[in-house]
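In what follows, a structure is listed as structure tokens, so that the remarks can point back to it.
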Amino acid sequence: MNLKRLFIYAVVAVFPLLSQAQVKTIEDVLNRKIEVDVPAKRVVLGFYAEDYMAIGGEKAFDHVVGLSRDTWKVWRPASWDIYTQNNPALADIPDVGEVEAQTFSVEKVLSLHPDLLLLADWQYKGLGSDITRIEDAGIPVVVVDYNAQTLERHLASTRIIGELTGQVARAGKIADEYRQAIELIQQRLKTANLAKPRAYIEFGNKGPQEYSFTYGKNMWGAMITAAGGDNIAAPFVEWWGPINPEQVLASRPEVIFLSGTESGKNNGAILMGQGVDRHTAVERLKGYTQRPGWSALPAVQEQRVYGIYQGASRSILDASMIQYLAKALYPSLFSDLDPEKAYLNFYRTYLPVVPEGTFAVRITES
């Protein structure tokens, strides 16, 4: 009798633990079906750190055992600083290297014994045959994608992270809010049926002396399209890359966007983001208008030149940036929107820190 009772007590004690975890088939953005223990307990995270934290909650990072640190610390150092000041333990998460820099270490990933490797689509493609080595070791690889900047992939990626972190309802709320923000823009554009302004966007990381990347189908290029702009680079650049400066002049953009980060400290590069004051951001914009031939462009003549934060793209946080693009393209149609405030309100609602700085600015601001 005592043995039977002991057995019942043991089952009752273990049952809550069993009920908290389950093997679930996740369909990622590449339509791959992967079996994963959810919620994931040992995660190696390739990209989209803020998205993972916003969707899964701050506690989700208690289960991140490896991180491609350069995609956060190096690409957005000021953001990394405020998060590690808030939670110093983030700095102790082992670094697994970065795919683009060819420092990503499969051996490091394997040594961490994760139950999940979460990658961006571009990382998955960049790793090639190394993915097989990881999967052969019994580690599920799930792919999400905010870089494509499509509504479908943004929503799917958000819901996937929600499933992986056990935060399905929270993910659904965030996805619904994003969808509503984009649909508001689409509905107004459809109703107004206005001519599309010609727009040019450039990653201003090299300074005015050298043209840097512009965007075609994805990232800022896709965001311009979603905001109702006629992206002048689309016929010449498929994804991202430089464009002939003469083509920019010949296309005569009516609105120009220059994106930057907190790292743009050299050669007059665009400076935007955490800790950047508006006056400094505007002065960097003005430097670009001195490029040969730019004084004749409609965008420069009408002072429709804008700075935007590179870190606010390729993320579930970027609905506000699409709103900003739409407002810059159609000022009267979207005069009621306050995109920069909306961007910061997302932090207040879903993240443990709220950055301070300049995330969107017009050249006419002081």
*Is the Tyr211 ring parallel, tilted or perpendicular to the Tyr200 ring (thresholds 30°, 60°)?*
tilted

_For Ala40, is there any backbone N or O sitting under 3.5 Å from a side-chain donor or acceptor partner on Asp37?_
no

*Other residues, nucleotides, ligands: >12 heavy atoms within 6.0 Å of Glu183 CD*: yes

*With side-chain hydrogen bond (donor to acceptor under 3.5 Å, both in side chains) as the test, would you mind laying out the steps for Thr191 and Gln187 before giving the verdict?*
CA-CA 6 Å; Thr191 301; Gln187 289 165 1; over 6 Å; no

*Using the ring of each side chain (for Trp, its six-membered ring), is Tyr343 parallel, tilted or perpendicular to Tyr347, with breaks at 30° and 60°?*
perpendicular

*Please confirm whether Tyr48 and Tyr146 have ring centers closer than 6.0 angstrom.*
yes

*Answer yes or no: is there an ion pair linking Asp176 with Arg179, defined by an N-O contact shorter than 4.0 Å?*
yes

*Does a donor on one side chain and an acceptor on the other come within less than 3.5 Å for Asp145 and Ser157?*
no

*Would you name the heavy atoms of Pro88 and Gln85 that are closest together and state the gap between them?*
CD-O, 4.1 Å

*For this output row, return yes or no: ring centroids of Phe47 and Trp122 closer than 6.0 angstrom.*
yes

*asked:* Between the side chains of Lys41 and Asp115, is the shortest nitrogen-to-carboxylate-oxygen separation below 4.0 Å, so that they form an ion pair?
replied: no

*asked:* If I take atom CD from residue Gln123 and atom CG from residue Leu45, how far apart are they, to the nearest 0.5 angstrom?
replied: 8.5 Å

*Might you point out which heavy atoms bring Ile256 and Ala299 nearest each other, and give the distance in Å?*
CG1-CB, 3.6 Å

_Gln274 and Tyr309: side chain donor to acceptor below 3.5 Å_ = no

*asked:* Would the distance check show the side chain of Asn267 and the main-chain N or O of Gly207 forming a donor-acceptor pair, the cut-off being under 3.5 Å?
replied: no

*Return yes when atom CD of Glu107 has more than 12 non-hydrogen atoms of other residues, nucleotides or ligands closer than 6.0 Å, and no otherwise.*
yes

*Taking 4.0 angstrom as the limit, do Glu365 and Arg362 come out as a salt bridge?*
no

_Nearest atoms (heavy-atom pairs only) where Leu285 meets Val305_ = CD1-O, 4.1 Å

*Hey, does Ile131 have a side-chain heavy atom less than 4.5 Å from the side chain of Leu119?*
yes

*Group every Ile, Leu, Val, Met, Phe, Trp and Tyr by side-chain heavy-atom contacts under 4.5 Å, then state whether Phe236 and Trp220 land in the same group.*
yes

*Can you tell if the side chain of Asn86 reaches within under 4.5 Å of the side chain of Ile82, non-hydrogen atoms only?*
no

*Roughly how far apart are Asn205 CG and Thr261 OG1, rounded to 0.5 Å?*
7.5 Å

*asked:* Could you walk me through whether Trp72 and Ser79 satisfy the side-chain hydrogen bond (donor to acceptor under 3.5 Å, both in side chains) test, starting with their C-alpha distance in whole Å, then the side-chain angles of each, then the deciding distance to 0.1 Å, before giving a yes or no?
replied: CA-CA 8 Å; Trp72 196 355; Ser79 172; 3.1 Å; yes

*asked:* Working to the nearest 0.5 angstrom, can you tell me the gap between Leu337 CG and Ile185 CD1?
replied: 7.0 Å

*Under a 4.0 Å N-O cut-off, is there an ion pair linking Arg188 with Asp336?*
yes

*How long is the gap from CD1 on Ile161 to CG on Leu118, to the nearest 0.5 Å?*
5.5 Å

*Does any non-hydrogen side-chain atom of Tyr178 lie less than 4.5 Å from one of Leu155?*
yes

*Check the pair Tyr350, Glu58 against side-chain hydrogen bond (donor to acceptor under 3.5 Å, both in side chains), reporting the backbone distance first and the verdict last.*
CA-CA 9 Å; Tyr350 294 112; Glu58 189 176 7; over 6 Å; no

*Shortest non-hydrogen contact from Pro253 to Ala199?*
CB-C, 4.4 Å

*Rounded to the nearest 0.5 Å, how far does OG of Ser313 lie from CE of Met321?*
9.5 Å

*Is any side-chain heavy atom of Met53 closer than 4.5 Å to a side-chain heavy atom of Pro352?*
yes

_If we ignore hydrogens and angles and just use 3.5 Å, is the side chain of Thr358 paired with the main-chain N or O of Gly273 as donor and acceptor?_
no

*Arg42 side chain to His113 main-chain N or O, any donor-acceptor pair under 3.5 Å?*
yes

*Spell out, as yes or no, whether a donor-acceptor pair under 3.5 Å connects the side chain of Arg69 to the backbone of Glu98.*
no

*Hey, are Arg291 and Glu202 close enough for a salt bridge, meaning a charged N less than 4.0 Å from a carboxylate O?*
yes

*asked:* Working to the nearest 0.5 angstrom, can you tell me the gap between Ile34 CD1 and Leu116 CG?
replied: 9.0 Å

*Heavy atoms of other groups near Gln209 CD, more than 12 under 6.0 Å*: yes

*For the residue pair Asn31 and Glu27, confirm or rule out a side-chain donor-acceptor distance under 3.5 Å.*
yes

*Would you mind checking if Glu135 and Arg32 are paired as a salt bridge, meaning a charged N to carboxylate O distance below 4.0 Å?*
yes

*Should the ring pair Trp294 and Tyr288 be called parallel, tilted or perpendicular, given that the plane angle runs from 0 to 90° and is split at 30 and 60?*
tilted

*Heavy atoms only: give me the nearest Arg198-Pro298 pair and the separation to one decimal.*
NH2-CG, 4.3 Å

*Would one find more than 12 heavy atoms of other residues, nucleotides or ligands at under 6.0 Å from atom CD of Gln180?*
yes

*Got a donor-acceptor contact below 3.5 angstrom from the Tyr330 side chain to the Gly228 backbone?*
yes

_Would you say that more than 12 heavy atoms from the other residues, nucleotides or ligands in this model lie under 6.0 Å from the NZ of Lys196, or not?_
no

*Salt bridge present between Glu50 and Arg76 (N-O < 4.0 angstrom)*: yes

*Under a 4.0 Å N-O cut-off, is there an ion pair linking Asp130 with Arg133?*
yes

*Does the side chain of Leu258 reach to within under 4.5 Å of the side chain of Tyr306, using non-hydrogen atoms?*
no

_Any heavy-atom pair between the side chains of Pro94 and Lys108 that's under 4.5 Å?_
yes

*May I ask you to say whether Lys73 pairs ionically with Asp95, meaning some side-chain N is under 4.0 Å from a carboxylate O?*
no

*asked:* Could you see if Val142 belongs to whatever hydrophobic cluster contains Val168? Use Ile, Leu, Val, Met, Phe, Trp, Tyr and a side-chain cutoff under 4.5 Å.
replied: no

*Can you check whether Pro39 reaches Thr165 side chain to side chain, under 4.5 Å on heavy atoms?*
no

*Please check if the distance between the ring centroids of Phe203 and Phe213 is under 6.0 Å.*
no

_Test of understanding: clusters of I, L, V, M, F, W, Y form through side-chain heavy atoms closer than 4.5 Å, transitively. Do Val353 and Ile174 belong to the same one?_
yes

*Check for a donor-acceptor pair, side chain of Ser251 on one end and backbone N or O of Val248 on the other, with a separation under 3.5 Å.*
no

_Arg278/Glu340 ion pair, N-O < 4.0 Å_ = yes

*Look at Glu163 together with Lys24 and state whether they make a salt bridge at an N to O cut-off of under 4.0 Å.*
yes

*Look only at the side chain of Ser315 and the backbone of Leu317, and say whether a donor-acceptor pair between them is shorter than 3.5 Å.*
yes

*asked:* If you define the side chain from C-beta out and look only at heavy atoms, does anything of Asp318 sit under 4.5 Å from Met223?
replied: yes

*Looking only at heavy atoms, what is the nearest atom pair of Gly260 and Met272, with distance?*
O-CB, 3.5 Å

*Any donor-acceptor N/O pair, Asn231 side chain to Tyr215 backbone, under 3.5 Å*: yes

*Check: Lys286 main-chain N/O paired with Thr289 side-chain donor or acceptor under 3.5 Å*: yes

